[in-house]
Amino acid sequence: MNGPKQNLIQNQIKAFLSSLSTSSMASASVSSLSTIFSSSNSKPLSSTKPKPSSSLSPLFLQPSSRRQFLKGSSTVLLPLTTLIPLHSPSVSLAKEVEVGSYLPLSSSDPSFVLFQASSKDTPALRAGNVQPYKFVLPPTWKQLRIANILSGNYCQPKCAEPWIEVKFEDEKQGKVQVVASPLIRLTNKPNATLEDIGSPEKVIGSLGPFVTGNTLDLDEELVETSVEKIGDQTYYRYVLETPFALTGSHNIAKATAKGNTVILFVASANDKQWPASKKTLKAIVDSFQV
């Protein structure tokens, strides 16, 4: 093999090896950056999960082989703004805020704020399936999100089973929730009153599982019942001690019927919360009206 030809071959080999080295460095750089971004704690604004694709880093479109790379393909960096949020979600979206920051003070007791449900609050109110209701809350409480399947959103205006209207909570004091049930679940009489449906025991016997989150033993767990009249509206009141309840072992409840719906308002606390919060929970239940 003569000198010039040998030199030409050697130069071609060196160029090839040099291109391979460049490809390896680029791949290493891609892998390093991919690791950094994939371990980032940033959370995307959208709740939609990305569809799984290949095992390659989502930040880069990598060539499938060195041959493509040597033919001129290059690693393409996607715009980071499409993958990394430029700002964090607002606090109101990421965490429920205290009701005192947006609800008006109660005129009867300024230490509470007043929640008046309207059509913008729940699917049933928007559908006209529930009459507006109101109650007071301590200003430090927070409204909780309700899963779509529990809110009745999927079945309005003709739900066959009870649903949860709204729910509020304070970690130190307990929680309250409004449960609505179709009247037909308790009686076939249209626009029936509580008296038409039956005794306080019959009403709570039908709705008890929605107080406790599992079951209700009337003989063991129903401590007290009473009847209250506010204007033309009748309310049944209950005190329940439910040691196995998912909602809390101490419950105060109030039920009434209006239109085609029975409304049950429940305040619950666990053993740790109850001694300090029972007076507050009683005041909340006392204030409930439809």
Side-chain angles (χ1 to χ4, degrees), residues 115-119 121-136 146-168 175-218 221-240 242 245-248 251-268 281-282 284-290:
F115 174 77
Q116 291 183 292
S118 66
S119 58
D121 291 308
T122 74
L125 283 163
R126 285 192 290 274
N129 210 20
V130 169
Q131 300 300 310
Y133 47 84
K134 61 183 180 178
F135 51 89
V136 301
I146 300 173
N148 191 55
I149 195 171
L150 299 177
S151 70
N153 185 42
Y154 66 97
C155 61
Q156 296 297 338
K158 294 184 178 181
C159 294
E161 294 296 326
W163 65 89
I164 297 175
E165 279 280 291
V166 292
K167 184 183 290 187
F168 295 84
K175 66 183 69 174
V176 299
Q177 62 179 341
V178 176
V179 178
S181 172
L183 188 63
I184 196 171
R185 195 175 188 274
L186 302 175
T187 179
N188 290 324
K189 183 178 180 180
N191 298 310
T193 64
L194 284 184
E195 293 90 342
D196 294 329
I197 297 172
S199 66
E201 289 79 9
K202 179 181 179 181
V203 172
I204 198 64
S206 299
L207 300 178
F210 300 94
V211 176
T212 63
N214 43 29
T215 60
L216 177 65
D217 186 335
L218 293 181
E221 298 173 333
L222 181 59
V223 176
E224 181 183 327
T225 64
S226 60
V227 180
E228 178 184 10
K229 200 88 170 177
I230 302 177
D232 295 331
Q233 197 70 26
T234 300
Y235 297 84
Y236 289 165
R237 294 179 61 102
Y238 305 94
V239 177
L240 304 106
T242 54
L246 300 178
T247 53
N251 299 274
I252 307 171
K254 194 173 180 179
T256 193
K258 194 167 187 177
N260 294 317
T261 311
V262 176
I263 303 292
L264 181 67
F265 185 63
V266 188
S268 307
L281 296 179
K282 184 178 181 300
I284 294 173
V285 175
D286 287 345
S287 72
F288 178 77
Q289 291 185 41
V290 176

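Note that the structure is predicted; figures quoted are calculated from it, not measured.
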- Heavy atoms from other residues, nucleotides or ligands near NZ of K158 exceed 12 (cutoff 6.0 Å): no
Say whether, by atom type as modelled, one donor and one acceptor occur between the side chain of [X] and the main chain of [Y] under 3.5 angstrom.
{"X": "T242", "Y": "A245", "answer": "no"}
{"X": "S287", "Y": "V136", "answer": "yes"}
{"X": "Y235", "Y": "V290", "answer": "yes"}
{"X": "N129", "Y": "P157", "answer": "yes"}
{"X": "K134", "Y": "A117", "answer": "no"}

Working to the nearest 0.5 angstrom, can you tell me the gap between [X] [atom1] and [Y] [atom2]?
{"X": "Q116", "Y": "D121", "atom1": "CD", "atom2": "CG", "result": "10.5 Å"}
{"X": "C159", "Y": "R185", "atom1": "SG", "atom2": "CZ", "result": "12.0 Å"}
{"X": "E228", "Y": "T256", "atom1": "CD", "atom2": "OG1", "result": "9.5 Å"}
{"X": "K175", "Y": "T247", "atom1": "NZ", "atom2": "OG1", "result": "7.0 Å"}
{"X": "E161", "Y": "F210", "atom1": "CD", "atom2": "CZ", "result": "6.0 Å"}
{"X": "I149", "Y": "I164", "atom1": "CD1", "atom2": "CD1", "result": "11.5 Å"}

- side chain to side chain contact (heavy atoms under 4.5 Å, CB included) between L222 and I204, worked out: CA-CA 9 Å; L222 181 59; I204 198 64; 4.3 Å; yes
Test item: [X] and [Y] side chains (from C-beta on) under 4.5 Å apart, heavy atoms:
{"X": "V223", "Y": "Y238", "value": "no"}
{"X": "W163", "Y": "Q156", "value": "yes"}
{"X": "T122", "Y": "V130", "value": "no"}
{"X": "I184", "Y": "N188", "value": "yes"}
{"X": "I197", "Y": "L183", "value": "yes"}
{"X": "L216", "Y": "L240", "value": "yes"}

Which pair of non-hydrogen atoms, one from [X] and one from [Y], has the smallest distance, and what is that distance?
{"X": "L264", "Y": "V266", "result": "CG-CG2, 3.8 Å"}
{"X": "Y236", "Y": "V203", "result": "CE1-CG2, 3.8 Å"}
{"X": "K167", "Y": "I146", "result": "N-CD1, 4.0 Å"}
{"X": "P162", "Y": "V179", "result": "CB-CG1, 4.2 Å"}
{"X": "Q233", "Y": "A257", "result": "NE2-O, 2.7 Å"}
{"X": "G205", "Y": "L218", "result": "CA-CD1, 4.0 Å"}

- Testing F168, F288, F115 for side-chain contact (heavy atoms from CB on, under 4.5 Å) with V176, which one passes?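 So the option named by the test is F168.
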- Looking at Q289, E165, K258, which hits side-chain contact (heavy atoms from CB on, under 4.5 Å) with Y133? E165
- Can a salt bridge be assigned to the pair R237 and E224 using a cut-off of 4.0 Å between side-chain N and carboxylate O? no
- Please test N260 against N191 for side chain to side chain contact (heavy atoms under 4.5 Å, CB included), starting from the C-alpha separation and ending with a verdict. CA-CA 6 Å; N260 294 317; N191 298 310; 3.8 Å; yes
- Item | Side-chain donor-acceptor pair present, S151, N153, cut-off under 3.5 Å | no
- Query: Does the side chain of T261 pick up a donor-acceptor pair with the side chain of Q131 at under 3.5 Å?
  - Reply: no
- Task: Using the test side-chain contact (heavy atoms from CB on, under 4.5 Å), find all partners of K189 that sit at least two apart in sequence or belong to another chain.
- Result: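 In terms of side-chain contact (heavy atoms from CB on, under 4.5 Å), with neighbours along the sequence ignored, K189 is linked to T187, A192, D196.
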